[in-house]
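Here's the structure, in structure tokens; my notes come after.
For the single chain, residues carry numbers from 1 onward in sequence order. Here the structure is a predicted model, which is why all the values come from computation and not from measurement.
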Amino acid sequence: IASPPAMDGNDAAPEPTIADMKCMLDETRIRMRVMQSEINIIKTVGCPANDQLSQFKMNRLQRDIDFMKKCNTLRDSTFDELEERCHNLEEKNKNLEEKNEFLESRCDSLERSLQLLIKKQKWKYSAPSVPSSHWERRGFDEEEIYSMENFIVQLEDETFALRRGVDRIDISIHEENYTTTLLHDGILLPHWKEFADALQLYPHSLIDPDIGSKFSICYVQLTSGVIDLLTPALKVKDFETIELEGNGFVTILEGVDFAVEFVKSNPGLGEFVWTNNAMGSMDNVNRLLQALKRLPLFRSIGLNNCCGDSVNGYDMLLSLIGGKKHLEEISLSSNNIRTAGGTHLSAYLATNPRLETLSLANNHLDDNDATLIAEALRQNTSLEYLSLDRNAITDIGWGALRNAIFDPTTLNSVFDSNHTCRVYGLDLHTDHMGDPKDNRRRKMHLLLSSRHKDEVNAFHLDQEVGDGDGGNDYSLKLVPMVLQCVHLSSEIGYRQHLRQNEERRMHFAQESNDCVTPLSVTYEIIRSW
């Protein structure tokens with residue numbers, strides 16, 4: 001056996017890399033397989049069983065295999081440690097790259113602000129006014145001309161407010177009625193430039209971190225020229241909410257790139273809304289979601305009417321609920337969501353995540369989906385608002401949801417209902433108004449009131465909490481506790497009923513008469529039980 005080469009005092013044995021460890025493990029496994037094959041051959045077609053030489057060879061091979069297994073176990077653990085170290089270093093490197101990218105963006109933003117301050121020390125609004133004749137030559141009618149002129153006034157007002165350093169909570173550029181996208185015209189670019197420069201110079205310190213601020217552009221077309229002006233100005237502003245709706249991007253990719261860049265440069269972002277803007281492909285969806293999920297404060301997302309035929313809305317939903325990032329609000333309305341029998345959504349809700357608001361309106365959910373969601377709601381105490389209207393849900397599905405929220409079969413079924421979630425579209429006269437305990441008491445009072453009409457409360461109470469056969473031994477012991485609970489639930493439930501009736505009179509000029517006073521219910525039970 002050749003001796004190893006001599007090393008200088010300064011030389012050190014190099015640490016094995018992951019590739020080296022993999023190679024060593026593969027070689028050992030190959031040798032083990034060869035040796036095991038030799039043992040099998042000896043056992044089957046080798047020398048007779050009483051041949052001591054064969055037995056000795058088999059024992060030696062088996063000892064070698066056992067030794068190699070121990071070595072492999074040791075190497076496997078070392079390999080796992082190296083992989084974990086490598087993964088941690090990769091994560092650390094990725095975080096450092098993101099911090100570096102953010103700092104570079106901030107430096108670019110500060111440099112651009114400095115250049116603008118030097119260039120325009122005495123600022124005045126220099127964008128030329130646009131005469132009505134320009135729009136008339138474009139074939140606009142009076143209503144369209146009014147919309148464009150109003151839009152220019154908006155840009156001017158926002159620009160002046162930003163230049164004056166007014167404390168802004170909501171920076172909004174939008175078409176007046178939020179209905180029709182205002183198409184871009186080259187004559188608007190100077191106004192966009194004034195707005196972008198003012199936004200660039202807007203002091204970051206004026207944004208209250210406890211309140212946050214909102215930036216929205218709704219139903220105004222964003223072309224390449226406008227995006228080029230806005231992108232550098234929107235860097236490192238720490239908006240709490242970003243809303244982009246109906247922006248008529250020239251290409252889908254251009255719009256998605258703008259959104260991703262906008263998100264990456266606002267690390268304090270908590271809410272993102274993208275409505276009536278196409279995504280084009282699931283790759284684009286994943287790019288945007290990946291950027292959002294890396295934000296530490298991100299909690300709310302709205303991706304509405306953005307799938308079309310090229311993106312499976314259900315895949316988008318799974319991507320949102322399947323990650324480690326648990327959101328508080330999700331809105332995926334009008335996205336052609338079909339579960340095809342999938343149970344991922346109901347299984348997710350049954351785990352009681354931190355999700356508080358879920359809107360899946362105007363999709364293709366059916367009775368099976370509604371039934372599964374209803375079963376999940378019985379185990380969920382976090383979801384406060386659920387919208388499933390304009391889906392393919394019939395009375396069967398709505399009935400399952402109704403029973404999950406308020407099952408009036410017995411007092412126990414009422415108690416076990418969901419008292420946290422309000423399902424939009426269910427008119428139960430039991431709208432949840434805050435505390436789940438109060439909601440539960442109000443529902444119990446509604447049940448007692450409905451039974452009071454036929455004076456059957458005592459009968460049902462005897463069946464549900466008594467001995468059920470008309471005897472008095474057990475049920476009489478429960479009378480004080482039952483009356484106390486009835487009075488408490490009726491008192492709170494009746495007050496909530498009166499408050500809701502007042503709201504109904506104010507908004508709908510109608511009220512509900514399905515409740516009776518607590519004293520009437522108590523008197524009936526004492527008299528009959």
Side-chain angles (χ1 to χ4, degrees), residues 326-330 345-361 369-389 393 397-452 457 460-461 464-465 481-504 511-518 521-522 525:
H326 295 294
L327 301 174
E328 295 177 8
E329 299 179 12
I330 295 176
L345 175 59
S346 56
Y348 172 73
L349 293 176
T351 62
N352 201 24
R354 61 185 289 187
L355 185 67
E356 298 176 0
T357 299
L358 176 62
S359 178
L360 299 175
D369 299 315
T371 302
L372 291 172
I373 291 172
E375 293 174 0
L377 288 178
R378 295 182 182 277
Q379 305 173 59
N380 188 294
T381 58
S382 299
L383 192 66
E384 298 177 2
Y385 177 84
L386 174 65
S387 176
L388 297 174
D389 61 311
I393 301 174
W398 287 116
L401 290 165
R402 186 176 290 106
N403 282 334
I405 302 301
F406 180 25
D407 183 355
T409 307
T410 65
L411 286 173
N412 283 333
S413 67
V414 172
F415 188 89
D416 292 335
S417 298
N418 181 298
H419 307 295
T420 307
C421 184
R422 179 180 181 182
V423 181
Y424 182 78
L426 284 181
D427 186 13
L428 298 174
H429 301 299
T430 58
D431 290 343
H432 292 164
M433 296 181 287
D435 186 53
K437 290 183 179 179
D438 289 347
N439 294 331
R440 182 180 66 223
R441 288 165 178 163
R442 183 166 185 271
K443 293 174 187 177
M444 295 181 75
H445 177 60
L446 284 174
L447 176 60
L448 295 170
S449 297
S450 66
R451 291 176 175 178
H452 176 74
N457 270 311
H460 283 289
L461 285 171
E464 294 166 21
V465 301
M481 290 181 287
V482 171
L483 287 177
Q484 183 184 21
C485 293
V486 167
H487 180 73
L488 181 61
S489 63
S490 297
E491 188 70 30
I492 294 175
Y494 187 69
R495 286 202 303 268
Q496 287 190 348
H497 168 75
L498 292 178
R499 186 161 63 249
Q500 189 179 38
N501 258 354
E502 183 64 28
E503 293 176 357
R504 284 177 176 273
E511 58 181 289
S512 171
N513 296 313
D514 53 356
C515 278
V516 296
T517 62
V521 176
T522 305
I525 294 173

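Side chains of L345 and L372 form no contact here, defined as non-hydrogen atoms less than 4.5 Å apart. Within the 4.5 Å cutoff, the side chain of L386 has heavy atoms near those of the L377 side chain. In this structure the side chain of T371 reaches within 4.5 angstrom of the side chain of E375, judged on heavy atoms. Annotation: side chain of I330 is in contact with side chain of L355 (closest heavy-atom distance under 4.5 Å). Residues R442 and L446 meet the side-chain proximity criterion, which asks for heavy atoms closer than 4.5 Å.
Taking NE2 of H452 as the start and CG of L448 as the end, the distance is 10.5 Å to the nearest 0.5 Å. The distance from the CD1 atom of I373 to the CG atom of L383 is 9.5 Å, given to the nearest 0.5 Å. To the nearest 0.5 Å, the span separating CG on L411 from CZ on R440 amounts to 11.5 Å. Taking CD1 of I393 as the start and CH2 of W398 as the end, the distance is 5.0 Å to the nearest 0.5 Å. The CG atom of L349 sits 6.5 Å away from the CG atom of L358 when rounded to the nearest 0.5 Å. Atom CG of L426 sits about 12.5 Å away from atom CZ of F406, to the nearest 0.5 Å.
Listed by first and then second residue, the salt bridge (charged side-chain N to carboxylate O under 4.0 Å, His left out) pairs involving residues 405-416 amount to none (not counting sequence neighbours).
Scored by the side-chain contact (heavy atoms from CB on, under 4.5 Å) test, N412 finds T410 as partners (sequence neighbours excluded). Scored by the salt bridge (charged side-chain N to carboxylate O under 4.0 Å, His left out) test, E356 finds no partners at all (sequence neighbours excluded). Every residue two or more places apart in sequence or in another chain that forms a side-chain contact (heavy atoms from CB on, under 4.5 Å) with Q379 is listed here: A350. Partners of S359 by side-chain contact (heavy atoms from CB on, under 4.5 Å), not counting sequence neighbours, listed by chain and number: S331, S333, A361, S387.
What you find for S417 and I405 is that their closest heavy atoms are CB-O, 3.3 Å. Here the shortest heavy-atom pairing between V414 and P408 reads CG2-CA, 3.9 Å. Nearest heavy-atom pair across A400 and A374 is O-CB, 3.4 Å.
Counting only distance, with no hydrogens or angles, the side chain of N352 and the backbone of S382 share a donor-acceptor pair below 3.5 Å. Using a distance-only test at 3.5 Å, with no hydrogens or angles considered, a donor-acceptor pair links the side chain of N418 to the main chain of N380.
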